[in-house]
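The structure appears right after this line, and notes come after that.
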Amino acid sequence: MSETALPLVVAITGASGAPYAVRLLEALVAARRTVWLIVSGHGWRLLHTECGITDGDALRQRVGAAGWDAQVTIFADTDRGGSPASGSARTAGMVICPCSMGTLSAISLGTSRSLIERAADVTLKERRTLVVVPRESPLSAIHLENMLRLTKAGAVVLPASPGFYHRPSRIDELVDFVVARVLDHAGVPHEIVPRWQGGAGVPDA
Ligand SMILES: Cc1cc2nc3c(=O)[nH]c(=O)nc-3n(C[C@H](O)[C@H](O)[C@H](O)COP(=O)(O)O)c2cc1C
């Protein structure tokens, strides 16, 4: 089976940034990728607070029911026996978007106390791509050390910090900026933002 035919594990946790998660799911469904989705309890809370999405059916409707039914399988975060919990289940890797500092910490310590934490642990031990998208500010020494430990273990720490060199004027452009970088690192082709072609520099004063 080719890498692109394998499921991509996507986790949504309770950091601010639920719009990134919704856009990521839309882009993956548009790219016809199979998704294994896990949402933490606080992931659902933030989907509600930030996007008005109350449950799995509302998320399905937002992403698009037809693509969702064909491509997305949802697993309970409380079920550590779900398919993503085993290294024998082949996947194309995992994206945690957004990733709370709590989940990031747990993964960096290998605690595996939920399906999200276990799936991330498996992704690292199987030497697959793990992309985590933290959102917190400011960062404590604990946060930074956890991110460094995850990076040393092979994860890509991709903060939800959009750039402004495309001169965005709408929130969805800021969201797309971050989601485009996530898709790049997850190996998913996309054209949701134009690629930087270089620009005019500032003349010397
Ligand atoms: C409205 C709201 C916003 C939050 N924003 C963040 C955030 O940006 N980053 C973060 O690390 N935690 C944030 N939290 C805290 C996490 O949701 C909390 O630590 C939770 O236990 C994380 O659990 P989870 O990783 O299982 O989703 C927020 C909580 C709430 C209620």
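Note: hydrogens, waters and symmetry copies are ignored here, and every other heavy atom, side chains too, is used. Order of listing sets the numbers, starting from 1, for every ligand and every atom in it.
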Heavy-atom proximity to atom 14 (N) of ligand 1, picking from G14, S114, A15, P134, points to G14
Worksheet entry | Under 3.5 Å side-chain donor-acceptor pair for E117 and T111 | yes
Considering both backbone and side-chain atoms of H42, is one of its nitrogen or oxygen atoms within less than 3.5 Å of a nitrogen or oxygen in ligand 1?
no
Checking heavy-atom distances from atom 7 (C) of ligand 1 to each of E117, R135, R113, H48, the winner is R135
For T103, the ligand 1 atoms with a heavy-atom partner under 4.0 Å come out as 24 (P), 25 (O), 26 (O)
Side chain to side chain contact (heavy atoms under 4.5 Å, CB included) for L104 and L150? Distances and angles first, verdict last. CA-CA 8 Å; L104 192 148; L150 267 194; 3.8 Å; yes
- Message: Between D184 and H190, do the side chains contain a donor N or O and an acceptor N or O under 3.5 Å apart?
- Response: yes
So the ring-ring contact (aromatic ring centres under 6.0 Å, His included) pairs with at least one residue in residues 110-152 (sequence neighbours excluded) are none
* If you group Ile, Leu, Val, Met, Phe, Trp and Tyr by side-chain heavy-atom gaps below 4.5 Å, do L183 and V133 land in one group? -> yes
Practice task
Begin from the C-alpha positions of E50 and S16 and carry the test side-chain hydrogen bond (donor to acceptor under 3.5 Å, both in side chains) through to its verdict.
Solution key: CA-CA 8 Å; E50 298 184 335; S16 184; 2.5 Å; yes
Check: Does atom 19 (O) of ligand 1 have a protein non-hydrogen atom under 4.0 Å from it?
Finding: no
Are D172 and R23 within salt-bridge range, i.e. N to O under 4.0 Å?
no
Less than 4.5 Å apart, side chain to side chain, heavy atoms only: is that true for F75 and P84? yes
Atom 22 (C) of ligand 1: closest protein heavy atom, distance to 0.1 Å, is S100 OG, 3.6 Å
Looking only at protein heavy atoms, what sits closest to atom 1 (C) of ligand 1 is L46 CD1, 4.1 Å
A student checking ligand 1 against S40 at a 4.0 Å heavy-atom cut-off should list atoms 24 (P), 26 (O), 27 (O)
Ligand 1 atoms nearer than 4.0 angstrom to some heavy atom of T13 are 25 (O), 27 (O)
Counting distance only, does the side-chain N/O of R127 pair as donor-acceptor with the main-chain N or O of K125 below 3.5 Å? yes
For R45, the ligand 1 atoms with a heavy-atom partner under 4.0 Å come out as 31 (C)
Near M101 (heavy-atom distance under 4.0 Å), the atoms of ligand 1 are 10 (C), 11 (O)
If you scan protein heavy atoms around atom 10 (C) of ligand 1, the nearest is E136 OE2, 3.5 Å
Among non-hydrogen protein atoms, atom 5 (N) of ligand 1 lies closest to S16 N, 3.4 Å
